Structure formats: C-alpha cells, structure tokens
Asker: 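Structure incoming, see below.
Scope of the values below: all heavy atoms of this structure, side chains included, with no hydrogens, waters or symmetry mates. These figures come from a predicted structure and were not determined experimentally. Letters A, B, ... are given to chains in the order of the sequence lines, protein chains preceding strands, and every chain is numbered from 1.
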There are 2 protein chains.
Amino acid sequence: MATGRTHRPATRSRGIPEATVARLPLYLRALTGLSERSVPTVSSEELAAAAGVNSAKLRKDFSYLGSYGTRGVGYDVEYLVYQISRELGLTQDWPIVMVGIGNLGAALANYGGFASRGFRVAALIDADPAMTGKSVAGMAVQHADDLEKIIDDNGVSIGVIATPAGAAQQVCDRLVAAGVTSILNFAPTVLSVPDGVDVRKVDLSIELQILAFHEQRKAGEGQDDTADEAGTETPAAAAKPARKGPDGDVPAVMQA
Amino acid sequence: MATGRTHRPATRSRGIPEATVARLPLYLRALTGLSERSVPTVSSEELAAAAGVNSAKLRKDFSYLGSYGTRGVGYDVEYLVYQISRELGLTQDWPIVMVGIGNLGAALANYGGFASRGFRVAALIDADPAMTGKSVAGMAVQHADDLEKIIDDNGVSIGVIATPAGAAQQVCDRLVAAGVTSILNFAPTVLSVPDGVDVRKVDLSIELQILAFHEQRKAGEGQDDTADEAGTETPAAAAKPARKGPDGDVPAVMQA
DNA sequence: ATGTCTTTGTGAACGCGTGCACAAAGATGG
DNA sequence: CCATCTTTGTGCACGCGTTCACAAAGACAT
C-alpha cells in the first residue's frame, strides 16, 4: 500500500527527535573509547569533539534522555554508556538474519561490528542452492525456502537484505510476512513496505554520486565555465527545452 | 580546521539544496529503469512513486535544476537522465582508489554499482605486504607505500576507505595530502579533514542501532519495555554516578 | 558559609526542508 | 480560435533541527 518510504512517518518518538537518535550511536562509540581508556568523566566539549559534533547539539541531545550530567564537572562515562545503550535497546540481544550471501553479504557476515554491539547473526540465507550448506563466517548458509521457519524459530525482527536489486522486493515481502519489522537494505532499490515497518537503506553508489557532485563543484569554483548554464539563478532558458534527448553536446567538462 | 566535520560546512551549493542533491541519484536510477524500458515521458506523479518520494518534492527538486518539464505532459525521460547526470557530474569519468582490501574492501571492489555510473576503480591499495600483487576483482592489489604516486598518476580525487578503524585517520591524512578532496569512509571512526574536503560515511553498525531503537519502541509501545530482562553487561557500577552525589538525587532514570 | 568558577541544561531565534494548494502553461479537441 | 483538461512550477505556511547565549546548578577554595 504505502510506497517505499525510507523515512519514518510521523513517529513521535516519545520525545526523542529522529536526528538525535541517529547521533546516539556516534556518542556511544566515542564513550566506549573513553571507557576503554578508563576515563572517568568527560565534558560536553570534549565528547562533542570526539564525536565530531557541536557541543551545544550534544547537550541538547542528552537533555532529551534526561539530566545525566553534573554541572561544573561533566558526564560520568560509564553511566552515560549504560544509559545510551539502554535507550538504543542494546542491552538486549537482537538476532538478525542476512539474506543474499554474495560478495557484499559475505563481507557483512564477516564484519565484526555487529557482534560487538548487541547484534547476533542468527542465520545466513541465500536463494542459490549451490550456496546452501557452505560455510561463511563460520556459519552454514541456509536456503531461502526455509526463510519463514528460520525467522520464526529465532524470533528475528531485524533483517538485512544484500541480494541483487531484482530480488530485493520479493525477499522484503517474505521477511515482512514472516514477522520482520525492521530492514536494513543494501540492494539498490526502493522497497515498499506496510506501515509499521522501518526500512533504512545503504547505497554505496549513491554516496559516491553525491561526492561527485561536490567534487565537480569544487573543480569549477575558481573559474567556472563548465556547466555555467544552470549556474546562475536564471530560471528557464537554462538549456534548450528541446524535446529531443541527447542533442546537447554541452559536456565541456574538463577534468584532471 | 582540525575538528572532523562529516557535515559539509556552509556549502552554499549555488542554489541546489543538499537534500535535493541527495535525492538526485534516486531519481536518476528510476529514470534509468524507465529508459531501459523505452518509456518516452513520465509525469512527476509516476516518477515520484518509482523513486519513493512525494511528487511535490520531486517537482520542487527539479525546479532547482531548471524548467525541464512540459506542462500537461510530463518529463522527457532521456533528456532528464542527461540533465541529472550532468548536474551530478556523471558525464565524466571519476577514477577512484580503494584503500583497505579486506572483507569489505574486496566486496566493494567486486560491486558492480560503481562502474555502471561514472566511476572507475583506478587502484586497490592495502598496507599488508601479503596482499600486494594479489588479484581482487581482476585487479592487482598495490602496496600502500605507493599511495601518493598512484593518486598522482591517475589524477584521483575521490578515495574510499575500508580499513580497520585504527588506520583510517592515517590513511585519510595521506589521501588528503596527496590531493584527494572527497572521501567515502567505511571505517567506524570520525575523520578529521581540512576545509574543502568532503567526507561521507557509511556505518553499518550505526544503521542497525538506529533500527534497534525503533524496534525496541515498537515492542514496548503497549507495555513498558523489559530492559531489565536482559541485563547483559550491566555492572552495578554503571547503575549510578561513580563520582559522588549518590545521596544527592539520582535523576529519575528509571522511566519504567 | 560564602564567593568564585566551571559546565550543564534550555529558552528563543533562525534557517532549512517539506507539503499543500493553486495559478500558469501548454496540449488537445471541437 | 476558443474551451477544456492535464500537469508543471512555485508561493506560502508549518514544523523540525541547529545554534546562540545565558541563567541555574553544583564543585571547590577560602
């Protein structure tokens, strides 16, 4: 019904803004580093620098969680680690399934960053019969036919999709039907899910394209002559609105 | 200039909002699909549905690029593909280097999504001498000692970091010193870069943690959460401020 | 106790992004 | 040529997120 929304709908997150939630893992990582070095307390200024954010923003973020600091001193590192972990739901163990064990899926399965937090890879699933039974990251790959049973048996509510784009929506539908309510999508496709299901996507090529945009802008900033058509505010007349397609040989892109 | 800012500074993107730039690749992908199916024109409504966004938002996004539509008809697919490609800088070829050819790096090297757009993997670089010369994705891995020379010879301005967290900042510094001005960072660390260098990060575990937060909220929306159930790594020490003021008043932490 | 000093927590202003709703523009048919 | 219909392009209002700036709160010294 709903077109794939990578955005959360209205999600009145019980007072915690979405932007703040997205930064909590960042703070948590910085705090974990301090904790390992046995640093007892940290000021908002120091922690903000470690997390790469503004200190005022950090303090406001923490204010949504409660008053966990001590004025004149700062924040207790261990205490804050626990509070953020609890808020993020990392004090419990989250079983996840990974579907699509190709290059990327296998790399993700081997990635240690999951287990270090509260996540446990419960199963690796692939549709290719040739993959079934093969060991990846010390775990036997299971066939997609058993997807529903695997999810049910393990009480999985978070799924990771690393299949080719063509298979992603179908896999997504099956995951949702089986009870998964959060999906991390690595396939370059827009997923359609019903309300109540969260989807986050990670798209490698999109990130590169965004970088390319800024890179192009940087290349032509000192002396712009390239792509100067759309440069100024001049509405319309930017190019010729010719119906035809690629007639414009406006490239003129110099590079290197 | 030292503080790592993963955010673009003020980036007065010459009129094009950052949020719009981030969606252009999405539109481009949807349009490419239509193009392959030889669809001549598309309305904002249809294209928005394919890209998973609001149609008004899409129209406003396109309005920043210029007036490329025809009222009463829609947008010419081929023409729009070209315009967006040009705006994103994809009409030229971007050589990129990938540093850190471990599990993830190798998977990224094999990922076809890069080459399909205007990106070309110019070199794979790893610090491990045992990796040097090995073939990954049909390309010989080169040693990190030659990093500067490789970047210079190939005119590389975009780098991908897929090293362990501990090596990321050092690699980043060398890339920047060698002339790289855009970095895609997969290492779970905050990178410090000078002004003028763009950094985008992709952090797998952070995405999962954000999902876990929403998942926890969903699970405990009717009833309060059962965070006490797991209590995995919850040392008593963390349950209260260590410094002092236990008598003071421990802020009402327990919302349960 | 009192004063000073440090740092938090937050009220308020500002800017950006989003979505509505509609007028303008062009296609299409008579 | 005029009427009607479709779809774009955008003015406007609203809400979220960011940042500033400062009062409140506690630590610490005397």
Asker: Does S43(A) place a side-chain N or O at less than 4.0 Å from the phosphate oxygens OP1/OP2 of dT7(C)?
Answerer: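 Checking S43(A) against dT7(C): no side-chain N or O falls below 4.0 Å of OP1 or OP2.
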Asker: Grab the CZ-C1' distance between F62(A) and dG9(C) for me, whole Å please.
Answerer: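 For the pair F62(A) CZ and dG9(C) C1', the rounded distance is 13 Å.
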Asker: Check whether the side chains of R117(A) and S205(B) place a donor and an acceptor atom closer than 3.5 Å, and report yes or no.
Answerer: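 Side-chain D/A pair, R117(A) to S205(B): absent.
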Asker: To the nearest Å, how far apart are E46(B) CD and dT7(D) P?
Answerer: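 For the pair E46(B) CD and dT7(D) P, the rounded distance is 8 Å.
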Asker: Look at the side chain of R71(B) and the base of dT7(D), then say whether one donor and one acceptor between them are separated by less than 3.5 Å.
Answerer: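 Side chain to base: no pair below 3.5 Å.
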Asker: According to ring-ring contact (aromatic ring centres under 6.0 Å, His included), who are the partners of F62(B), at least two apart in sequence or on a separate chain?
Answerer: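 With sequence neighbours excluded, F62(B) shows a ring-ring contact (aromatic ring centres under 6.0 Å, His included) to Y27(B), Y75(B), given in chain and number order.
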Asker: Taking atom P of dG17(D) as reference, at what distance in whole Å does atom CZ of R59(A) sit?
Answerer: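 Checked: the CZ to P distance equals 19 Å.
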Asker: If you compare every side-chain N and O of Y75(A) against the phosphate oxygens of dG9(C) (OP1, OP2), does one of them come in below 4.0 Å?
Answerer: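 Answer yes for this pair, as a side-chain N or O of Y75(A) is under 4.0 Å from OP1 or OP2.
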Asker: From the options T189(B), L191(B), L184(B), select the one residue that forms a side chain to side chain contact (heavy atoms under 4.5 Å, CB included) with I161(B).
Answerer: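 For I161(B), the side chain to side chain contact (heavy atoms under 4.5 Å, CB included) check succeeds only for L191(B).
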Asker: Between R23(A) and G72(A), which residue's closest nucleotide on DNA chain D lies nearer the 5′ terminus?
Answerer: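 Looking at the nearest nucleotide for each, R23(A) comes out on the 5' side.
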Asker: Between E18(A) (CD) and dC16(C) (P), how many Å, whole number?
Answerer: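 Answer to the nearest Å: 22 Å.
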Asker: Side chains of D198(B) and S182(B): any donor to acceptor distance under 3.5 Å?
Answerer: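 The answer is no; no qualifying pair exists.
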Asker: Taking only side-chain nitrogens and oxygens of S44(B), does any of them come within less than 4.0 Å of OP1 or OP2 of dT8(D)?
Answerer: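 So the side-chain polar atoms of S44(B) do come within 4.0 Å of the phosphate oxygens OP1 or OP2 of dT8(D), strictly under.
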Asker: Side chain of T70(A), heavy atoms from C-beta onward: which of dG9(C), dG26(D), dC20(D) has the nearest atom to it?
Answerer: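 Closest nucleotide to the T70(A) side chain: dG26(D).
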Asker: Got V180(A) and I158(A) here, is their nearest side-chain heavy-atom distance under 4.5 Å?
Answerer: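 Side-chain contact under 4.5 Å: no.
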Asker: Round to the nearest Å and state the distance from D61(B) atom CG to dG17(C) atom P.
Answerer: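 Roughly 10 Å, once rounded to whole Å.
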Asker: Once you round it to whole Å, what is the distance between C1' of dT8(D) and CG of L80(B)?
Answerer: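 From L80(B) CG to dT8(D) C1': 13 Å.
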Asker: Of the options dG9(C), dG19(C), dC20(D), whose atoms approach the side-chain atoms of S67(A) most closely?
Answerer: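 Nearest to the side-chain atoms of S67(A), counting from C-beta on, is dG9(C).
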Asker: Just how far, in rounded Å, is C1' of dG17(D) from CG of L58(A)?
Answerer: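 Distance, rounded to whole Å: 15 Å.
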Asker: Under 4.0 Å between a side-chain N/O of K57(A) and OP1 or OP2 of dT19(D), yes or no?
Answerer: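 It does, given that an N or O in the side chain of K57(A) lies less than 4.0 Å from OP1 or OP2 of dT19(D).
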Asker: Which listed nucleotide (dT10(D), dT18(C), dA27(D)) is nearest to the side chain of A19(B)?
Answerer: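 Among dT10(D), dT18(C), dA27(D), the one nearest the side chain of A19(B) is dT18(C).
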Asker: Can you tell me the distance, in whole Å, between the CD atom of E45(A) and the P atom of dC5(C)?
Answerer: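 Spelled out: CD on E45(A) to P on dC5(C) is 19 Å.
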Asker: Any donor-acceptor pair, under 3.5 Å, between the side chain of K60(B) and the base of dG9(D), if you only look at N and O atoms?
Answerer: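 Result: no qualifying N/O pair found.
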